[in-house]
6 protein chains.
Amino acid sequence: SPLTHFDTQGQAHMVDVGAKAATHRTAVAQGRIEMQPATLALIASGSAKKGDVLGVARIAAIMAAKKTSELIPLCHPLALTRVAVEFELLDAPPDGGACGVQCTATVETLGQTGVEMEALTAVQVGLLTIYDMCKAADKRMVMTGVRVLEKHGGKSGSFVA
Amino acid sequence: SPLTHFDTQGQAHMVDVGAKAATHRTAVAQGRIEMQPATLALIASGSAKKGDVLGVARIAAIMAAKKTSELIPLCHPLALTRVAVEFELLDAPPDGGACGVQCTATVETLGQTGVEMEALTAVQVGLLTIYDMCKAADKRMVMTGVRVLEKHGGKSGSFVA
Amino acid sequence: SPLTHFDTQGQAHMVDVGAKAATHRTAVAQGRIEMQPATLALIASGSAKKGDVLGVARIAAIMAAKKTSELIPLCHPLALTRVAVEFELLDAPPDGGACGVQCTATVETLGQTGVEMEALTAVQVGLLTIYDMCKAADKRMVMTGVRVLEKHGGKSGSFVA
Amino acid sequence: SPLTHFDTQGQAHMVDVGAKAATHRTAVAQGRIEMQPATLALIASGSAKKGDVLGVARIAAIMAAKKTSELIPLCHPLALTRVAVEFELLDAPPDGGACGVQCTATVETLGQTGVEMEALTAVQVGLLTIYDMCKAADKRMVMTGVRVLEKHGGKSGSFVA
Amino acid sequence: SPLTHFDTQGQAHMVDVGAKAATHRTAVAQGRIEMQPATLALIASGSAKKGDVLGVARIAAIMAAKKTSELIPLCHPLALTRVAVEFELLDAPPDGGACGVQCTATVETLGQTGVEMEALTAVQVGLLTIYDMCKAADKRMVMTGVRVLEKHGGKSGSFVA
Amino acid sequence: SPLTHFDTQGQAHMVDVGAKAATHRTAVAQGRIEMQPATLALIASGSAKKGDVLGVARIAAIMAAKKTSELIPLCHPLALTRVAVEFELLDAPPDGGACGVQCTATVETLGQTGVEMEALTAVQVGLLTIYDMCKAADKRMVMTGVRVLEKHGGKSGSFVA
């Protein structure tokens with residue numbers, strides 16, 4: 001079966017990666033949180049250090065990347081060598097959607113498995129932290145479009161969405 | 001400012017909830033992961049206990065709800081009294097979107113703050129776990145539409161999306 | 001079904017305890033690790049502060065009690081009010097078994113659920129820590145007889161084994 | 001002294017493994033939980049996906065293996081490359097004991113220390129999770145016979161119980 | 001003995017606080033990190049949001065307060081109701097010492113034990129985070145003068161240093 | 001900027017160490033807690049195994065070293081190969097200060113980044129644990145003089161304070 005996290009009896013296991021080479025791995029994930037323009041304005045006005053929502057969310061996202069193997073049951077623990085998280089304010093997003101904040105996380109390691117789960121976890125927790133900090137003003141925010149943009153390294157080669 | 005997580009100097013803090021009454025609080029959050037029909041078929045065929053993707057994701061989601069205050073920097077720790085997580089296979093979702101799996105989390109507590117962050121975290125980690133288990137088959141899955149459906153208890157009263 | 005951790009559809013959930021009264025709860029659990037007499041002698045000789053195996057194991061057991069809800073998926077988080085861990089050297093155990101070390105953990109809380117899982121977890125991690133510290137001398141140690149001795153508080157009343 | 005976790009002054013330390021080669025390490029541990037036949041029947045009936053006790057316990061065991069160095073004070077952190085956990089229903093165990101469930105955990109790494117503590121921790125938490133899920137039906141279950149079955153890799157060579 | 005964390009046999013335990021009233025508790029702790037004037041200038045110049053050392057350290061300090069009972073073996077877990085962390089740049093500290101950054105943490109709860117350990121832990125981790133972020137520029141920084149300033153609530157009454 | 005934890009836009013990130021060689025790294029950190037002579041006498045009398053404050057603090061310090069990357073936001077996770085923690089009773093410290101306990105932590109790894117943060121974290125948590133265990137007797141204890149004594153390995157070479 002293509003579901004490699006299950007053995008031939010259908011039981012979940014942490015897949016054996018012992019025979020895989022430790023190579024340089026990179027993954028980039030992205031997603032966004034949509035909100036009212038007034039909520040976005042609150043975040044934007046905070047960027048001058050008074051109420052730095054995105055600064056807090058960035059730290060939460062980086063710390064979450066390090067916790068990925070604690071959160072995702074069958075994920076291998078990995079010693080990450082880099083985590084970077086960028087936020088972009090979307091006044092008028094290219095796809096015609098609502099305004100909001102876009103989060104992009106880049107994670108690297110030298111290891112035996114890929115790091116797309118770490119990048120996705122960073123994005124999700126970054127967005128959740130923005131939700132937490134703005135929810136007193138806007139409870140209808142939606143976290144959306146969270147996906148892997150690209151992934152490099154390992155036997156399966158590169159993936160670009 | 002409506003951004004209550006910052007004090008008057010604009011510095012982040014964990015808000016004082018000491019004067020708030022400990023009341024019964026409920027929150028329901030929902031989101032989905034979109035995928036290829038063939039990927040959904042793999043999950044569906046696993047529901048007969050051979051490769052139970054959703055069973056694993058449910059446990060991950062419940063455990064993540066308990067870790068919320070470790071992940072979200074300014075979130076208060078809470079002793080949850082209930083966590084329930086439901087998955088629904090979406091062959092043809094009502095909104096005309098892609099097929100996939102919908103995740104709904106319900107969280108309750110008797111406490112001084114709401115539990116919508118716990119419900120949202122459960123949904124996000126449940127979806128991430130599905131991504132992890134199916135990524136060997138489909139790297140283009142997208143986690144989307146994660147939001148609070150309803151929230152009850154506390155001084156601010158009920159919210160229904 | 002008597003398996004209360006599953007709902008009527010058979011899906012795991014963290015049971016709703018919101019309607020249960022917060023009462024004083026106590027649980028006592030016990031177990032032992034069996035070993036060669038020479039290994040036990042090493043532990044006994046360490047009791048004079050040089051190589052205090054049991055002192056280290058006691059701390060590990062107490063800290064593990066606090067981690068129970070992180071380890072056991074459907075366990076409710078609880079604010080423990082007391083944890084005590086006792087060790088007894090068993091030169092000639094009453095039941096005629098091998099010699100070893102017996103561990104007894106007592107845990108209390110004021111809460112909505114019992115604390116037998118916390119007491120059992122403390123015992124298991126206490127025994128594991130003894131195994132870890134003595135394994136260079138003896139790999140055939142066996143952890144055995146881990147059970148709940150008694151449990152008080154809550155609607156179901158007292159249980160004594 | 002054979003108690004390598006203490007220095008020459010008798011003080012606990014995390015042993016220096018910096019000079020040891022990173023080799024392929026494997027360990028297998030096993031233990032069982034004994035229970036009433038009626039309790040075992042509940043677990044057995046759940047194997048058809050309605051109330052999947054063993055599926056939940058397997059995830060808990062795998063996640064616990066990854067937490068070993070947080071639980072056991074002097075244990076080195078290790079990046080595990082494989083964790084597999086098997087359960088067997090024991091209607092009439094070969095040694096004439098009570099009926100119950102046997103848990104076997106296999107752990108592998110490429111590292112400087114062995115992984116028997118990770119395998120033992122997986123077994124203990126797997127058994128604890130079964131206890132938690134069945135305790136409403138049977139409080140007299142006993143976790144027993146937890147030991148290392150085999151261990152390979154590293155300078156000390158293979159151990160088979 | 002005044003060392004309440006040991007029982008009459010001299011064994012460590014987590015003290016029984018079950019009979020203590022849950023009252024409002026506050027603690028304030030303070031400490032500082034001393035450094036070269038040039039290092040302090042780097043931190044000061046970052047306060048305009050480019051390289052916000054203190055913003056990162058504040059989040060680390062708040063999150064550490066929530067982790068206190070995981071770090072301090074005999075500390076009771078507590079549901080904190082408030083955590084606030086202030087930093088002050090010390091160009092010429094009143095006591096004639098080196099220049100540096102002073103950290104003050106205020107923690108509150110409604111609970112059965114005091115929160116001075118949480119306040120001290122927040123200060124220590126806040127200072128450690130500043131060390132981490134500035135160590136490429138200055139390895140000779142010293143963290144110093146970490147103490148409890150005041151503490152209120154509970155049977156023993158108020159303490160003011 | 002010398003503040004390497006920020007990128008050119010001034011945003012915090014976990015620095016890319018993927019291109020750095022994995023070399024043997026050592027760091028030694030030290031600090032002390034000052035207290036009343038009567039408090040020190042309590043600790044000293046406990047050294048005969050009845051109320052072993054320093055034994056508990058040593059375990060807390062070692063376990064904290066393993067948690068460093070969870071506490072310090074931009075710290076890389078590392079697989080430590082050695083942690084040793086020493087305490088010295090200071091009746092009359094050489095610098096004429098108050099009496100107290102000095103803590104020295106030595107940490108080693110084979111990795112891509114230094115381990116001074118792990119050594120400093122071990123010292124801080126060791127001192128905090130002493131504070132916790134003696135605070136019923138003495139609330140005016142001060143943790144002070146925490147710094148890196150030496151650091152070896154890596155491209156930047158050795159540092160000795």
Side-chain angles (χ1 to χ4, degrees), chain A residues 22-28 46-49 52-71 75-89 101-112 114-115 118-119 121-122 125-126 129 152-154, chain F residues 1-27 63-83 107-122 124-125 153-156:
Chain A
T23 61
H24 179 228
R25 316 264 181 162
T26 308
V28 182
S47 67
K49 180 68 193 323
D52 185 9
V53 170
L54 302 183
V56 177
R58 185 179 289 111
I59 294 303
I62 292 171
M63 295 179 85
K66 295 192 270 186
K67 278 184 166 296
T68 302
S69 69
E70 290 181 52
L71 293 169
C75 213
H76 294 81
L78 281 175
L80 307 180
T81 56
R82 181 186 173 218
V83 183
V85 175
E86 301 294 316
F87 292 105
E88 188 184 350
L89 301 184
V101 180
Q102 181 170 274
C103 176
T104 308
T106 304
V107 177
E108 301 188 29
T109 197
L110 179 74
Q112 293 163 304
V115 286
E118 283 75 7
T121 301
V125 173
T129 302
H152 305 284
Chain F
S1 158
L3 296 183
T4 53
H5 287 71
F6 297 99
D7 64 18
T8 52
Q9 276 74 45
Q11 294 171 340
H13 60 159
M14 202 170 89
V15 178
D16 186 2
V17 299
K20 296 173 85 169
T23 61
H24 179 227
R25 316 264 182 163
T26 309
M63 293 179 85
K66 294 191 270 187
K67 278 184 167 296
T68 303
S69 69
E70 289 181 53
L71 293 168
I72 312 298
L74 305 177
C75 215
H76 294 81
L78 281 175
L80 306 180
T81 57
R82 182 188 172 216
V83 183
V107 177
E108 301 188 30
T109 197
L110 178 74
Q112 291 162 305
T113 64
V115 286
E116 65 266 51
M117 293 317 300
E118 282 77 7
L120 287 167
T121 301
Q124 295 283 45
V125 173
K155 208 175 65 177
S156 66

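Per chain, numbering begins at 1; letters A, B, ... match sequence-line order.
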Whatever's closer than 4.5 Å to a heavy atom in chain A on F:Val15 counts as backbone
Task: Test log, rule side-chain contact (heavy atoms from CB on, under 4.5 Å), inputs A:Glu108 and F:Asp16 - done: CA-CA 8 Å; A:Glu108 301 188 29; F:Asp16 186 2; 4.0 Å; yes
Highest number of heavy-atom pairs under 4.5 Å with chain F among A:Val85, A:Thr106, A:Leu80, A:Ile59 belongs to A:Leu80
Counting heavy-atom pairs under 4.5 angstrom with chain A, the leader among F:Ala79, F:Cys75, F:Pro73 is F:Pro73
To the nearest 0.5 Å, atom CD of F:Glu118 lies from atom OG1 of F:Thr113 at 6.5 Å
Short side-chain to backbone donor-acceptor contact, F:Gln112 and F:Lys20, under 3.5 Å:
yes
Applying a strict 4.5 Å limit to non-hydrogen atoms, the region of F:Ile72 in contact with chain A is backbone
_For a 4.5 angstrom cut-off between non-hydrogen side-chain atoms, does F:His13 reach A:Arg58?_
no
